[in-house]
Amino acid sequence: MACLVLTIGWFLYRAGDDATEVLARNALTEVMGRVSQSIDRQTLGARESLNVVAPPPVPPAEPGQAPAVLPFPTDRKQLEERLWLANALFDDPSYVYFGGVDGSFIGVKQEGPNSFMYSVREPQGQNYVYQLRGPGTEMKLIATQDYEPRQRPWYLQAVQRGHETWSSVYADFRLKHVLGINLSKPIYDADGNLMGVANSSIALQPLNNLLRQLPLSAHGVAFVTELKGDMIASSVQEELYQFIGQPPVLQRFNASQSHSPLVQQAFEEVRRHLAIHRPEPGKLELLGARQEGSKIEVAFRLHHDEAGLDWLAISAAPRSDFLGSVTSGIYQTLLLGMLAVCLTFVIGFLLLRWVLRDIRKLTAAAKSIGNGSPFPPLNIDRNDEIGQLAQSFQEMERNLRTDRLTNVLNRDSLIAQIDFRRRNASESNPLQFALLFVDLDRFKAVNDEFGHDEGDRVLIGVAERLQHTLRHDDSVARFGGDEFVVYLHGVSDLEVARGIADKIRHAVNKPIEGRDGKQYVIDASFGISLYPDDGLDVETLLRVADSRMFDQKRLHRILAV
């Protein structure tokens with residue numbers, strides 16, 4: 001009888017430990033997905049804003065033709081228009097500017113809703129800073145500065161390297177308590193002569209705010225560092241930097257100096273792993289470790305690009321954060337098992353199978369969340385902790401896989417589902433599909449003029465129309481902002497995909513009802529990629545579709561001009 005009780009306890013412990021490991025890793029995967037999406041959105045926004053200021057050559061429409069090159073404007077008014085347009089790409093406050101080889105400077109900075117800073121400097125003159133509410137509004141002079149753009153680090157680095165370059169993390173030139181980073185791009189004329197350097201600055205505070213609002217476990221942490229460990233953002237409420245000396249010099253804190261032992265341990269585990277294994281940019285790595293006798297799970301991803309960005313996004317959590325309710329259920333069930341064994345061996349055996357069945361269901365459900373497979377029905381009708389955990393699993397599945405605003409799939413869920421289909425395809429049953437990258441046109445005008453509530457109403461309406469135009473096997477996901485991706489199952493022909501895109505565009509073009517009887521009419525730009533013709537992995541297909549969508553959007557802008 002004692003052996004049977006011990007056997008029951010051992011099986012319950014192993015099943016609970018497996019379930020909590022899978023649950024902890026899937027929770028970290030979701031956190032890492034949100035952090036990585038925020039990093040990619042900010043860095044991509046900086047790069048695309050520079051492409052608005054100085055567009056790259058447009059690929060030719062026909063093979064053999066020369067690419068279309070848009071000349072960089074030499075007139076200040078035209079350059080100013082491009083800066084305003086580039087600044088509009090950001091939802092968060094941003095700063096886009098250009099320093100000329102002759103010492104001239106012009107910049108547009110969004111400091112808040114309807115609040116902008118406009119800076120201008122003539123060659124060999126002073127820099128004048130104005131406050132205004134938007135393009136064409138009255139300007140108020142607020143500062144005069146001795147500012148030489150050609151002596152700034154962002155200018156010198158871009159000229160020295162000759163290509164797009166990320167700066168080091170720095171303190172804002174005017175607001176010393178705000179950290180930022182910028183992407184610089186040297187501009188050359190048709191003869192290869194340097195005309196100046198365009199720059200897009202992004203603040204790091206929004207990333208820090210995002211990490212502190214993430215739905216982490218009770219003792220979980222998430223943070224972003226450079227390779228050497230200097231902190232960029234953290235979910236822990238602690239200072240990441242300080243200023244010392246006169247004049248003040250920025251001193252950043254390292255992850256090894258964090259007040260959180262879990263942050264220190266997680267970074268140390270990542271550092272040990274990188275000392276042995278060569279990191280693969282963009283790949284999510286999961287590590288197991290121990291901290292003061294307890295098991296912890298660590299997840300990290302390296303964000304790297306050719307412009308010099310090397311950031312580590314790291315998240316960690318103790319397994320005990322997820323083990324509590326399972327352990328409580330195990331103890332309660334074990335006690336019932338002991339009483340049942342005393343009464344009858346048969347009742348104890350049936351009770352064991354009943355308990356293990358529910359825990360196995362939870363384990364299978366946790367694994368399905370991670371690999372993108374359909375979520376299995378739990379059918380667990382219990383009022384104890386395991387029943388509460390089952391309800392938590394179902395709620396987690398909805399939160400992890402759907403976008404909270406539009407109720408369509410989110411980015412990570414769509415990618416996981418596509419990967420699941422790819423893994424289950426075979427030579428006898430090959431997988432073919434198309435991806436449509438959808439970007440809404442004229443949406444920002446609705447957001448700016450009527451507010452974010454009306455913008456959300458438009459996004460919800462568009463998501464509903466996308467779902468109604470698709471087949472049962474197709475899927476739609478929101479990738480953030482006003483971008484959606486549509487998965488077309490079994491579509492292998494480009495013309496068929498274009499026909500579906502036209503159908504979707506027709507549905508999106510119909511007026512959307514707003515508040516107080518208002519109607520909004522928006523448009524959409526599409527980029528199409530086919531599997532396996534355009535790539536063998538989801539990230540490649542998304543980049544191809546995204547690139548083609550931007551090519552179509554640039555063509556629309558050229559035709560509109």
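Judged as a side-chain contact (heavy atoms from CB on, under 4.5 Å), and not counting sequence neighbours, the contacts of Val120 are Arg76, Tyr118, Tyr128, Tyr130. The side-chain contact (heavy atoms from CB on, under 4.5 Å) search around Pro60 returns Gln65, Pro67, not counting sequence neighbours. Checked against ring pair (Phe, Tyr, Trp, His ring centres under 6.0 Å), Phe267 has no partners two or more places apart in sequence or in another chain. Applying the ring pair (Phe, Tyr, Trp, His ring centres under 6.0 Å) rule to Phe526 yields no partners; only residues at least two apart in sequence or on another chain are considered. Applying the side-chain contact (heavy atoms from CB on, under 4.5 Å) test to Ser235 and every residue at least two apart in sequence or in another chain returns Leu211, Leu216, Val221, Ala222. Qualifying ring pair (Phe, Tyr, Trp, His ring centres under 6.0 Å) partners for Trp154, counting only residues two or more places apart in sequence or in other chains: Tyr97. Partners of Gln78 according to the side-chain contact (heavy atoms from CB on, under 4.5 Å) rule, which considers only residues two or more places apart in sequence or in another chain, are Pro73, Asp75. For Tyr520, the ring pair (Phe, Tyr, Trp, His ring centres under 6.0 Å) criterion is met by Phe450, not counting sequence neighbours.
Of the possible polar contacts, one joining the Thr165 side chain to the His163 backbone as a donor-acceptor pair under 3.5 Å is found. Counting only distance, with no hydrogens or angles, the side chain of Thr137 and the backbone of Gly134 share a donor-acceptor pair below 3.5 Å.
Side-chain contact of Tyr531 with Thr540: a donor-acceptor pair under 3.5 Å is absent, judged by distance alone. With 3.5 Å as the limit, one finds a donor-acceptor pair spanning the side chains of Glu513 and Gln519. Asn26 and Glu30 share no donor-acceptor pair across their side chains, judged by distance under 3.5 Å alone. For the residue pair Gln110/Ser115, the side-chain donor-acceptor check at 3.5 Å is not satisfied.
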> Do Gln157 and Ser167 pass the side chain to side chain donor-acceptor pair (under 3.5 Å) test, and can you show the C-alpha distance, the side-chain angles, and the key distance before you say yes or no?
Replying inline: CA-CA 8 Å; Gln157 287 180 354; Ser167 72; 5.7 Å; no
> Can His303 and Thr43 be said to form a side chain to side chain donor-acceptor pair (under 3.5 Å), step by step?
Replying inline: CA-CA 10 Å; His303 291 262; Thr43 55; over 6 Å; no
>> Please determine whether side-chain contact (heavy atoms from CB on, under 4.5 Å) holds for the pair Val224 and Ile314, giving the CA-CA distance in whole Å, both sets of side-chain angles, and the decisive distance to 0.1 Å.
In response: CA-CA 6 Å; Val224 180; Ile314 304 173; over 6 Å; no
>> Evaluate Glu148 against Arg121 for salt bridge (Lys or Arg N to Asp or Glu O under 4.0 Å), listing each step before the verdict.
In response: CA-CA 9 Å; Glu148 170 54 76; Arg121 180 184 191 265; 3.5 Å; yes
>> Determine whether Asp310 and His304 satisfy the following criterion, side chain to side chain donor-acceptor pair (under 3.5 Å), listing intermediate values before the conclusion.
In response: CA-CA 5 Å; Asp310 279 302; His304 169 83; 2.7 Å; yes
> What's the verdict on ring pair (Phe, Tyr, Trp, His ring centres under 6.0 Å) for Tyr487 and Phe433, showing C-alpha distance, side-chain angles and the deciding distance?
Replying inline: CA-CA 7 Å; Tyr487 168 86; Phe433 63 88; 5.0 Å; yes
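Among pairs with a residue in residues 526-546, those fulfilling salt bridge (charged side-chain N to carboxylate O under 4.0 Å, His left out) read Arg411-Glu539, Asp534-Arg548, at least two apart in sequence or across chains. Applying the salt bridge (charged side-chain N to carboxylate O under 4.0 Å, His left out) test to pairs two or more places apart or on separate chains, those with a residue in residues 158-167 are Arg47-Glu164. For residues 127-142, the set of pairs meeting the salt bridge (charged side-chain N to carboxylate O under 4.0 Å, His left out) definition, not counting sequence neighbours, is empty. Among residues at least two apart or in separate chains, salt bridge (charged side-chain N to carboxylate O under 4.0 Å, His left out) pairs with a member in residues 485-497 are Glu495-Arg498.
Atom NZ of Lys518 is surrounded by more than 12 heavy atoms from other residues, nucleotides or ligands within 6.0 Å.
The line from CG of Asn410 to CG of Asp403 is 7.0 Å long, rounded to the nearest 0.5 Å. The distance from the CG atom of Asn254 to the CZ atom of Arg252 is 9.0 Å, given to the nearest 0.5 Å.
Classification of Arg505 and Asp502 as a salt-bridged pair fails, no side-chain N sitting under 4.0 Å from a carboxylate O. A salt bridge links Glu454 with Arg515: the distance from a Lys NZ or Arg NE/NH1/NH2 to an Asp or Glu carboxylate oxygen falls below 4.0 Å. Using a 4.0 Å cut-off between charged nitrogen and carboxylate oxygen, Asp441 and Lys553 count as a salt-bridge pair.
Phe105 and Tyr147 have perpendicular rings, their planes meeting at more than 60° on a 0 to 90° scale where under 30° would count as parallel.
Contact of the Thr29 side chain with the Asp412 side chain is not registered, since no non-hydrogen atoms from C-beta on lie closer than 4.5 Å.
In this structure, Phe484 has its ring center at least 6.0 angstrom away from the ring center of Phe479.
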